[in-house]
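What you see is a predicted model; the values in this text were computed from it and never measured. The figures that follow rest on heavy atoms only: side chains count, while hydrogens, waters and symmetry mates do not.
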2 protein chains.
Amino acid sequence: MILSKTTEYALSILGFMATRNRELYPAEYLYAQLKIPRQYLRRLLTDLTKKGFIASTRGRNGGFVFARDLSTINFSQVIDAMEGPEAMNTCLLGFAACIADHPCAMHDLWLEARAKMVETLTKTSLADLREKYLKDQVTNDK
Amino acid sequence: MILSKTTEYALSILGFMATRNRELYPAEYLYAQLKIPRQYLRRLLTDLTKKGFIASTRGRNGGFVFARDLSTINFSQVIDAMEGPEAMNTCLLGFAACIADHPCAMHDLWLEARAKMVETLTKTSLADLREKYLKDQVTNDK
DNA sequence: ATAATATACTACAAAAATGTAGCATTTTAT
DNA sequence: ATAAAATGCTACATTTTTGTAGTATATTAT
């Protein structure tokens, strides 16, 4: 499972915005591009605004823009914001077998495996994503 | 999020059974030990039986035993069986930004990060878990 | 001013995951 | 034979996640 649909949506939205060249992204435009259910998308955009990743302007010519530099937003931050910071921190074997006894045997291995994934997600910013995307595009168009 | 509660339960059950010295594990005993909701636990045990990890015997003196050698059951197999084989294989940025265009820029990084985790989960069997558990126990008791 | 085009909010609906209850069936000790 | 102790099964209940509808509010072009 790894990520909830909601978190995937959030990453999809931010990832899309980060790799295009618009200033402003109205919800309706994102809907047309991403096909995330319309009202759900709007709610997520409001959430992402409240969480400080993007900023909104209302009224005609309104829409969403990034609230801070792409280089300051990494994937772990987005995941933590959407799923809660504890989501990536539970023991693989759960409570019982782990806590009841002594730290579960799998704990170390699991921590290590997960740590590597989290590290990659932490060190990669939306700016990195954009850079990679643009480079790939040049290569493909050639 | 990473794993559903159901999958955590399954790993908890099998991990617990793998690290103790009983032959036979009746549901009621596992309930007492693991505190997984009683009826849900029973259902999971039936599922795990149908999926071939454990075998059941009914009637008095019945219960559950491993259906195959501990060394032939790894964590990936259990996760795949519980969540479906595709669960660990979706693109981080989801469909739209990824497929609509060209393979999404994040894809490679994501694949790599996840692959490491899956590798660890694949190469670790319940026999490894048991071994580690027993070793830790000796150390702790000293 | 007003209409058009945005986001914000609230309440509800549907689907999926998790949890519960109760009875049926099987086996074995007595 | 019968009671006890176990799994198997089905149907329902609750909770969480995901999705929908409609109205309120803000901004700007005309």
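- Distances shown here put a side-chain N or O of B:N61 below 4.0 Å from the OP1 or OP2 atom of C:dA29.
- Put simply, CG on A:D47 is 15 Å from P on C:dT7, counting in whole angstrom units.
- Proximity of A:T19 to A:K132: side-chain heavy atoms (C-beta onward) are nowhere separated by under 4.5 Å.
- Donor-acceptor pairing under 3.5 Å is lacking for the side chains of B:T49 and B:T46.
- Not a single donor-acceptor pair, N or O on each side, falls under 3.5 Å between the base of D:dT7 and the side chain of B:R42.
- Between B:T57 and A:G59, the one whose closest nucleotide on DNA chain D sits nearer the 5' end is B:T57.
- B:L41 places its CG atom 9 Å from the P atom of D:dT7, with the value rounded to the nearest Å.
- Spacing between atom CD1 of A:I36 and atom P of D:dT17 amounts to 18 Å, rounded to whole angstrom units.
- As a whole-Å value, the separation of A:L34 CG from D:dG19 P is 14 Å.
- Put simply, OH on B:Y31 is 15 Å from P on D:dT7, counting in whole angstrom units.
- Neither OP1 nor OP2 of D:dT7 sits under 4.0 Å from any side-chain N or O of B:K50.
- Residue A:S56 places at least one side-chain N or O under 4.0 Å from the OP1 or OP2 atom of C:dA8.
- Following rounding to the nearest Å, B:K35 (NZ) and C:dT18 (P) show an atom-to-atom distance of 21 Å.
- In terms of phosphate contacts, B:S4 brings no side-chain nitrogen or oxygen within less than 4.0 Å of OP1 or OP2 of C:dA17.
- Taking atom CZ of B:R38 as the reference point, atom P of D:dA5 lies 14 Å away to the nearest angstrom.
- Residue B:R58 has its side chain nearest to C:dT25 when only C:dA4, D:dT20, C:dT25 are considered.
- In this structure, B:T46 reaches the D:dG8 phosphate: one of its side-chain N or O atoms is under 4.0 Å from OP1 or OP2.
- For the pair A:R60 and B:G62, both in contact range of DNA chain D, the more 5′-proximal nearest nucleotide belongs to B:G62.
- The base of D:dG19 sits within donor-acceptor range of the side chain of A:R43, with an N or O pair under 3.5 Å.
- Here the rule is side chain to side chain contact (heavy atoms under 4.5 Å, CB included) with A:T122, and of A:V118, A:T124, A:T120 only A:V118 fits it.
- Nucleotide D:dC9 holds its P atom 13 Å from the CG atom of B:L45, rounded to whole Å.
- Under the 6.0 Å distance and 45° angle rule, A:R43 does not count as a cation-pi partner of A:Y9.
- As judged by a 4.0 angstrom heavy-atom cut-off over every strand, A:T49 is placed among residues making no nucleic acid contact.
- Counting heavy atoms from C-beta on, the side chains of A:K123 and A:N74 never come closer than 4.5 Å.
- For the pair B:R22 and B:Y29, the distance from NZ or CZ to the six-membered ring centre is under 6.0 Å and the angle to the ring normal is within 45 degrees.
- Applying the 4.0 Å criterion to OP1 and OP2 of D:dA6, one finds that B:Y29 has every side-chain N and O outside that range.
- For the OP1/OP2 pair of D:dG19 and a distance below 4.0 Å, the side-chain nitrogens and oxygens of A:Y9 include at least one atom meeting the criterion.
- For the pair A:K5 and D:dG19, the criterion of a side-chain N or O lying under 4.0 Å from OP1 or OP2 is met.
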